[in-house]
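For reference, the structure is listed below as structure tokens.
We use all heavy atoms of the structure for the numbers below, so side chains are in, but hydrogens, waters and symmetry mates are not. Lettering follows sequence order; numbering is per chain, from 1.
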Amino acid sequence: MHSVVCIKQVPDSAQIRVHPVTNTIMRQGVPAIVNPYDLFALEEALRLRDQLGGRVTVISMGPTQAEVALRKALSLGADDAILVTDKAFAGADTLATSYALAAAIRQIGKELPVDLVFTGKQTIDGDTAQVGPGIARRMGLQLLTYVSRIVEVAPERREIVVERRAEGGVQVLQTRLPCLITMLEDSNRMRFGSLPDALRAARQEVRHWDKTAAGIEDVTKIGLKGSPTIVSKVFTPSPRAEKAEMIAIEDGSPADLAAALLGRIAARFPGVEKELAQRA
Amino acid sequence: MSEPTAPVKKKRKVVLDQRLQAYRGVWVYIEHERGRVHPVSLELLGEGRKLADTLGVELAGVVMAGVDAGAEARGYCQTAFEYGADLCYLMQSDVLGEYRNEPYTQGLTDLVNAYQPEILLLGATTLGRDLAGSVATTLNTGLTADCTELAIDPDDRSLLSTRPTFGGSLLCTIVTLNYRPQMATVRPRVMAMPESQPGRTGRIVEHGLLLAEADIVTKVLEFIADDRRDTPQLPFADIIVAGGRGLGKPENFQLIRDLAKVLGAEVGASRPVVQAGWVEADRQVGQSGKTVRPKLYIAAGISGAIQHRVGMEGADCIVAINNDPDAPIFEFAHFGIVGDVATILPALTEAFWVKLKRQASLPPQEEAA
Ligand SMILES: Cc1cc2nc3c(=O)[nH]c(=O)nc-3n(C[C@H](O)[C@H](O)[C@H](O)COP(=O)(O)OP(=O)(O)OC[C@H]3O[C@@H](n4cnc5c(N)ncnc54)[C@H](O)[C@@H]3O)c2cc1C
């Protein structure tokens, strides 16, 4: 089995702050991490390799600093790492990103045929969940999104069976290899990397591919040029015109406050009052 | 790289190719499961209606279903008419029985190419996101995920899709350049449910799909339906009592459950208490949890961080209980009580219990008065 896992380096959004006066993003000092959703994809690929043999290649598109994310994946057990990096990719939206990654994965396949492509469910900075479907479509792969469990892989029959989270239930799907899987969160538990892998990750080469090495044929499909969407405006959510009506009673007990609140709800929100009446 | 990293352009007028100017009309993909139209599709029809009226074009629903759905599929069209659609494109085929990416992508792509809408909206469900991503790539057009606001630019008729970015701390507006249709997904409960207009009708345009089961690689072996009874239906609850880190310890979460029980409400939570394991993950309200739209939302010990707020600010009436008078939640709640959850919550539970009991014992004519 040869799996390719797509990972993205993202700012740790838990630590992003907005400047209170200028309303701009304060990026300084925000640590970069591997998109947490991608780790479920990586773990699943590593498990398949441990069971069935083969290799796991991790790939990322991004600036040269994204090499750190790939080294992290190597330290967790991935075999090879490729960074697709070129100024020409800057400004890419999801469509342009999936074009570039699909081209690069095809190049990887020329070295060693690819059986499975994995992505995370979505990223924590873009939240679009569009790159996985985009790559699958561009490579003509069957697409399995929101996979919660890989039930069976039969490499000799070129078949795979998975459970997929759908609306109102779980679909058990069977399809042919190669295919693309987007892995659902909490579908597995990421391993701790081993010491030998940590040592190897520090020395191993992370190959950098520019647009030529990545096999980009049509430069109008990458970067800003290849992106149908642009951000036309960034702004802070507008505050609600009115602030809360505070329920306060001098020396009032909690019971007094509760009674006052119920009275005010009844006065201002007849819809809520009606809803409560139905529950009596 | 994702949308938010794309450079911000100052107002740029989008000039459409002649070919793309022929794209007209607003479409909503009508999702259905087991005989029922998904509420998110109805919410989108409400929003689509406004967009179509602004543009002066028709609003269409797209219904795709198996042949065995038979008359049910026409029923979905009828529902779409009652919620604002002028017409429905109906595609029925053996291969559309259960949702699968390949035949649905081909079907929706065929419809778009045949009838050329300028806007295509889908619910941001597991189905909608799977389908939208594939269709947008096939059509080579722009797609904006999880929009919280949709509007039309009066200057050039283009769709302005607004969505949260940078972990929800900011909003950004995204436009599609010289590509059509303009696609967007919206999460359930983000848009208001429109009033239905019973008896309202429209046209049905049927369109075939040239695909046989033998052409489709992926097979559905089984569908394991969720046991509805123990999965909380938070997004559709009319009353929610939610607790946050301010409850202090897991045992105190019982105060939330007690009040919810008296009100017949669903229990919600902020992310930290979900992460601490006090409550199940599917009770999380907010950007990385559920979007809710109840009539009454009671938030106790929740600070009102933007990531929580985006999931619940659509509630009709928000009551906040917090011991910090400067907590951000008081900026957007309707009612606030400054106090300790440990004393306020039991008092509220008692007061509601008494109120509901009294209402229950009223003779019916007085209740109506
Ligand atoms: C990418 C991203 C996604 C996120 N998604 C979500 C999401 O989906 N949902 C979500 O909720 N959060 C989300 N968050 C987290 C969010 O930023 C906040 O950290 C979180 O909402 C805070 O939860 P809280 O209000 O319970 O806790 P805190 O912010 O710690 O607030 C606790 C509040 O309780 C009050 N309090 C303390 N003791 C008492 C008492 N005895 N009586 C009354 N009040 C008391 C305090 O004054 C305080 O206001 C996300 C963050 C990121 C970065």
Please classify the contact of [X] with chain A as side chain, backbone, both or neither, using a heavy-atom distance under 4.5 Å.
| X | value |
| --- | --- |
| B/T162 | side chain |
| B/A136 | backbone |
| B/V319 | side chain |
| B/N140 | both |
| B/L263 | both |
| B/E350 | neither |
| B/Q182 | neither |
| B/Y179 | side chain |
| B/T141 | backbone |

Charged N-O contact under 4.0 Å between A/E152 and A/R157: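 Salt bridge present between A/E152 and A/R157.
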Cationic N near anionic O, under 4.0 Å, B/K295 to B/D238: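 Yes, this pair counts.
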Please classify the contact of [X] with chain B as side chain, backbone, both or neither, using a heavy-atom distance under 4.5 Å.
| X | result |
| --- | --- |
| A/Y146 | side chain |
| A/V10 | neither |
| A/Q9 | neither |
| A/L95 | side chain |
| A/S227 | backbone |
| A/A166 | both |

Give a yes or no on this: more than 12 heavy atoms of other residues, nucleotides or ligands lie within 6.0 Å of atom [atom1] of [X].
| X | atom1 | answer |
| --- | --- | --- |
| B/K219 | NZ | yes |
| A/R158 | CZ | yes |
| B/K355 | NZ | yes |

With respect to chain A, which residue among [options] yields the maximal number of heavy-atom pairs within a distance under 4.5 Å?
| options | value |
| --- | --- |
| B/L356, B/T173, B/D146 | B/T173 |
| B/I239, B/N178, B/L127 | B/I239 |
| B/I337, B/V217, B/V220 | B/V217 |
| B/L171, B/T185, B/N101, B/T105 | B/L171 |
| B/G264, B/A225, B/C317 | B/C317 |

Cation-pi, B/F352 ring and A/R279 (6.0 angstrom, 45 degrees):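 Judged by the rule (NZ or CZ under 6.0 Å from the ring centre, within 45° of its axis), A/R279 is not positioned above B/F352.
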Side chains of [X] and [Y]: is there a donor and an acceptor less than 3.5 Å apart?
| X | Y | result |
| --- | --- | --- |
| B/Y99 | B/D130 | yes |
| A/R164 | A/T145 | yes |
| A/R165 | B/T126 | no |

Close side-chain approach of A/L261 and B/L348, heavy atoms under 4.5 Å: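 A/L261 vs B/L348: side chains touch.
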Residue among A/R264, A/E163, A/E275 with most heavy-atom pairs under 4.5 Å to chain B: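 Option with the top pair count is A/E275.
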Residue among A/D256, A/L257, A/L276 with most heavy-atom pairs under 4.5 Å to chain B: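 Top count of heavy-atom pairs under 4.5 Å with chain B: A/L276.
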If you measure from [atom1] on [X] to [atom2] on [Y], what distance do you get to the nearest 0.5 Å?
| X | Y | atom1 | atom2 | answer |
| --- | --- | --- | --- | --- |
| A/I160 | A/T175 | CD1 | OG1 | 8.5 Å |
| B/R180 | B/S158 | CZ | OG | 6.5 Å |
| A/T123 | A/N35 | OG1 | CG | 5.5 Å |

